[in-house]
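As structure tokens, the structure follows; a few thoughts come after it.
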Number of protein chains: 2
Amino acid sequence: MALTLKVVSKSVPEIGSLEIKESALFNNEEKMVNELKKAKVTISDVAKKAGVSKTTVSRILNGDYAHTKEETRDRILQVIKELDYRPNALAKGLKSMSTNVIGIILSNLKNPYWSSVLEGVEDTCHKLGYSLMICNSDEDPNKEKHYIEEFQRRQVDGIVINPTVRNMEMYEELVKSKYPFVVVNRKIPNLVVKNVVVDNNQGAFLAVNHLMDEGRKRIAVTAFNNPHVSTWKERVEGYKEVLLSRGYAKKDFRILLIDPVSDVKEVTMAFLRKNPDVDALFSTNNMISLQSMEAIRELHLKIPEDIALVSYDETAWAKHLEPPLTTIKQPGYDMGVKATQMLVDSIAGNNDEESETIILEPELIVRNSSISESYHRP
Amino acid sequence: MALTLKVVSKSVPEIGSLEIKESALFNNEEKMVNELKKAKVTISDVAKKAGVSKTTVSRILNGDYAHTKEETRDRILQVIKELDYRPNALAKGLKSMSTNVIGIILSNLKNPYWSSVLEGVEDTCHKLGYSLMICNSDEDPNKEKHYIEEFQRRQVDGIVINPTVRNMEMYEELVKSKYPFVVVNRKIPNLVVKNVVVDNNQGAFLAVNHLMDEGRKRIAVTAFNNPHVSTWKERVEGYKEVLLSRGYAKKDFRILLIDPVSDVKEVTMAFLRKNPDVDALFSTNNMISLQSMEAIRELHLKIPEDIALVSYDETAWAKHLEPPLTTIKQPGYDMGVKATQMLVDSIAGNNDEESETIILEPELIVRNSSISESYHRP
DNA sequence: GTGAAAGCGCTAACAC
DNA sequence: GTGTTAGCGCTTTCAC
């Protein structure tokens with residue numbers, strides 16, 4: 001019955017002159033709306049035109065069909081289309097105190113690792129019906145603070161953050177106030193919080209053991225010396241542990257900590273000159289790795305014949321370098337996905353744990369830069 | 001006077017018991033606020049505590065100091081700090097019909113070129129006091145449409161977009177309704193709109209002329225065959241123009257159009273086998289370039305001895321490849337900056353032109369992959 | 001100088 | 001089934 005009705009009403013608009021007039025009116029109204037546009041169409045306009053109250057329109061908008069006659073519902077839906085009505089999310093958010101927006105604060109947009117994290121976050125937001133606000137702290141704690149406050153002003157439902165780890169009071173306040181947020185990639189000391197990280201110790205474990213298995217005896221590790229950040233420290237710790245577990249002593253540690261603002265290639269060359277017996281490099285950062293390759297080349301040494309290289313962060317180009325680079329692959333996309341799911345759970349009120357840590361596993365991808373067929377040092 | 005007063009009131013809180021009591025009270029209130037927090041502090045709370053009306057607080061918040069006594073102003077500012085008040089941007093936006101948010105729609109988060117564009121946009125937003133919403137169309141026109149509608153629901157003040165170029169009606173509607181938006185990187189045919197692009201013709205001109213100058217005689221060009229996108233077409237056109245200008249004929253064109261879902265390396269190898277005389281490749285995409293290098297290697301040919309290579313898009317790793325890659329550098333960061341400035345101008349109502357096109361210039365970075373010291377083909 | 005009141009566009013009790 | 005009403009937190013006339 002209802003079906004028949006629909007079809008009929010759709011298929012015979014040309015029957016009476018009245019019908020045609022109405023339809024002409026529609027077109028005119030539509031044109032006017034399109035022309036002006038600045039005069040945005042609101043829920044009231046829809047209600048008026050459909051001859052119902054705002055309440056009823058609101059119900060339909062939110063999928064609450066139970067309380068409304070099919071006929072009314074269809075009419076409203078029709079009007080919504082005709083007017084090309086788009087509900088104002090600001091008004092909705094103001095009323096309901098929730099925006100379905102989450103914010104992400106990254107500290108580096110350039111690194112492809114973060115691109116993949118962002119991709120994971122974006123995909124998952126889309127899947128779960130959230131929108132995403134993004135900003136870049138650029139490792140500046142002031143910017144970070146500013147952005148967190150901005151997000152709160154904007155009533156974002158939750159925040160994913162790769163923290164500078166230099167706004168401790170603020171992080172604590174967020175936790176205390178139960179503001180949904182998830183920390184990714186880094187750990188914040190002494191803070192009980194939701195966290196998604198990659199096992200850095202394990203990454204180092206894979207890298208250094210692999211080098212040892214390939215017969216390397218004097219392995220060095222290089223890292224950017226950011227005192228607040230946990231990641232590289234854990235990787236260096238892992239390096240130490242493997243050495244100790246393999247019977248080396250503390251005096252055998254060869255650790256190069258690089259000031260992020262220095263000339264990485266120069267520093268690396270100096271280090272290699274001072275430690276001419278080094279036969280392998282474990283680089284905890286892909287930018288360091290590129291510079292190291294240059295440094296080694298300029299010293300007229302060969303990879304892997306003289307020095308083997310294992311680098312953090314798999315990238316699209318690693319296998320195209322000369323030689324192809326052995327890397328530790330971190331599941332960046334996954335990290336983004338997991339963090340977003342966790343955040344949304346926490347927003348929804350499922351998952352009321354204060355803290356929960358997801359630890360993802362890195363993976364070793366072996367290529368020529370670390371294999372020793374032609375290793376020719378004593 | 002005022003200065004002295006301030007100092008005194010700050011330096012003698014321990015004088016009377018009354019003073020101490022008051023300060024204790026403050027601490028309690030603050031703690032309660034922090035403890036509950038969900039009970040967000042609003043402009044009314046500030047007004048009440050400061051003993052003024054919402055109007056006055058609002059004036060102060062918006063920097064309108066002219067109408068208010070210094071004393072009152074200071075008191076309000078003080079209360080704002082004490083309560084750690086954060087104005088609700090939703091309410092403000094609802095009232096003022098502008099959010100200071102712009103949206104960006106990208107079609108690919110992975111490519112480092114887009115990372116740099118994003119960085120430029122983000123930096124400029126921050127500088128100009130805007131927040132940024134981001135999403136990824138992934139070249140899917142449906143997603144793109146959805147996101148544009150989402151942005152409009154959320155009342156973003158304007159949109160920066162790298163369009164799929166497959167929602168023509170929608171783009172036209174946006175223009176017609178004077179919605180501020182700026183198209184980047186690609187051109188939309190037959191649409192009068194604000195646009196920031198890089199000169200693709202010029203990029204090809206630089207690349208192909210360079211290869212010719214290095215003595216290459218049978219240059220091929222490779223591109224992803226996305227029928228809707230203008231960029232690669234312009235690059236291929238540029239390629240043709242150089243050939244013709246150098247006395248070649250149409251029959252000398254060697255053009256490989258690659259289906260984006262195919263195995264790029266295989267396709268390239270097949271192409272090179274079919275055209276064994278090709279002595280140079282101009283690749284219009286950095287992902288194609290990496291695959292081409294592999295293809296060439298697998299055919300036991302040498303770069304640049306047998307085949308020279310010039311690739312679109314400078315990246316951090318180009319100079320570390322073997323051989324170091326000659327590239328066309330596009331000013332991605334600049335494009336982001338310019339597009340954002342243009343958009344914000346357009347939002348502010350300066351710049352009422354319907355259309356305005358900024359054309360940025362690419363740059364040739366010469367490295368070993370294209371130089372012919374050892375070019376040994378006939 | 002300051003405040004009362006209306007209203008931005010929406011939702012959600014609570015009537016009927 | 002549907003509508004009335006009272007806000008959400010802010011800005012902005014217009015009075016005083």
Side-chain angles (χ1 to χ4, degrees), chain A residues 2 33 37-77 79-80 83-101 150 152-157, chain B residues 37-77 79-80 83-101 150 152-157:
Chain A
V33 168
K37 203 68 180 194
K38 287 285 156 186
K40 293 245 175 78
V41 17
T42 75
I43 197 171
S44 296
D45 301 327
V46 176
K48 216 168 290 168
K49 181 151 182 185
V52 296
S53 76
K54 294 192 290 174
T55 312
T56 308
V57 178
S58 177
R59 285 206 190 92
I60 298 305
L61 281 174
N62 294 295
D64 178 2
Y65 293 165
H67 293 281
T68 314
K69 255 199 305 209
E70 196 177 325
E71 194 191 306
T72 324
R73 185 218 318 180
D74 289 346
R75 187 152 31 93
I76 293 173
L77 256 17
V79 171
I80 288 176
L83 297 181
D84 192 25
Y85 166 62
R86 317 236 165 114
N88 184 326
L90 255 41
K92 176 165 182 168
L94 180 58
K95 184 79 230 205
S96 61
M97 296 306 289
S98 108
T99 52
N100 271 34
V101 175
E150 189 67 35
Q152 297 199 316
R153 270 192 293 275
R154 297 202 180 276
Q155 314 298 118
V156 309
D157 289 345
Chain B
K37 203 68 181 197
K38 286 286 155 183
K40 292 245 176 77
V41 14
T42 75
I43 197 172
S44 295
D45 300 328
V46 176
K48 217 168 289 169
K49 181 148 180 185
V52 296
S53 74
K54 294 190 291 173
T55 313
T56 308
V57 177
S58 176
R59 284 206 191 91
I60 298 306
L61 281 175
N62 294 296
D64 178 2
Y65 294 164
H67 292 282
T68 314
K69 254 197 307 207
E70 194 178 326
E71 194 191 306
T72 324
R73 186 218 319 180
D74 289 347
R75 189 151 31 94
I76 294 173
L77 256 18
V79 171
I80 287 175
L83 297 182
D84 192 25
Y85 166 61
R86 317 235 166 113
N88 183 326
L90 255 40
K92 176 165 184 169
L94 179 59
K95 186 80 231 208
S96 60
M97 295 307 290
S98 108
T99 52
N100 271 36
V101 175
E150 187 68 34
Q152 297 199 317
R153 269 192 293 274
R154 296 202 180 277
Q155 315 297 120
V156 308
D157 289 345

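Just so we're on the same page: letters track the sequence lines, and every chain starts at 1.
Under the 4.5 Å side-chain criterion, counting only non-hydrogen atoms from C-beta, A/I80 is in contact with A/L61.
The side-chain hydrogen bond (donor to acceptor under 3.5 Å, both in side chains) search around A/N100 returns none, not counting sequence neighbours. Residues passing the side-chain hydrogen bond (donor to acceptor under 3.5 Å, both in side chains) test with A/E150, sequence neighbours excluded: A/R153, A/R154. In this structure, the side-chain hydrogen bond (donor to acceptor under 3.5 Å, both in side chains) partners of A/T99, at least two apart in sequence or on a different chain, are A/D157. B/S53 pairs by the side-chain hydrogen bond (donor to acceptor under 3.5 Å, both in side chains) definition with B/T56, not counting sequence neighbours. Take B/K54 and apply the side-chain contact (heavy atoms from CB on, under 4.5 Å) test, not counting sequence neighbours, and it matches B/I43, B/S44, B/A47.
Residue A/T56 places at least one side-chain N or O under 4.0 Å from the OP1 or OP2 atom of D/dG3.
Atom NZ in A/K48 sits roughly 14 Å away from atom P in D/dG3 (whole-Å rounding). To the nearest angstrom, C1' of C/dC14 lies 13 Å from NE2 of A/H67. At whole-Å resolution of the value, NZ in A/K69 and P in D/dG3 are 10 Å apart. Per the geometry, CZ belonging to A/R153 stands 19 Å off C1' belonging to D/dC8, to the nearest Å.
Scanning both residues, A/Y85 and A/V41, for their nearest heavy atoms gives CD1-O, 3.4 Å.
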Determine, for nucleotides 7-12 of chain C in 5'-to-3' order, which nucleotides have protein heavy atoms under 4.0 Å from the base (write B), from only the sugar-phosphate (write S), or from neither (write -).
BBBBBB

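Under the 3.5 Å distance criterion, the side-chain polar atoms of B/D45 are matched with a main-chain donor or acceptor of B/T42.
End-to-end axis angle of the helix from C/dG1-D/dC16 to C/dC16-D/dG1, using five pairs per end and rounding to 10°, comes to 40°.
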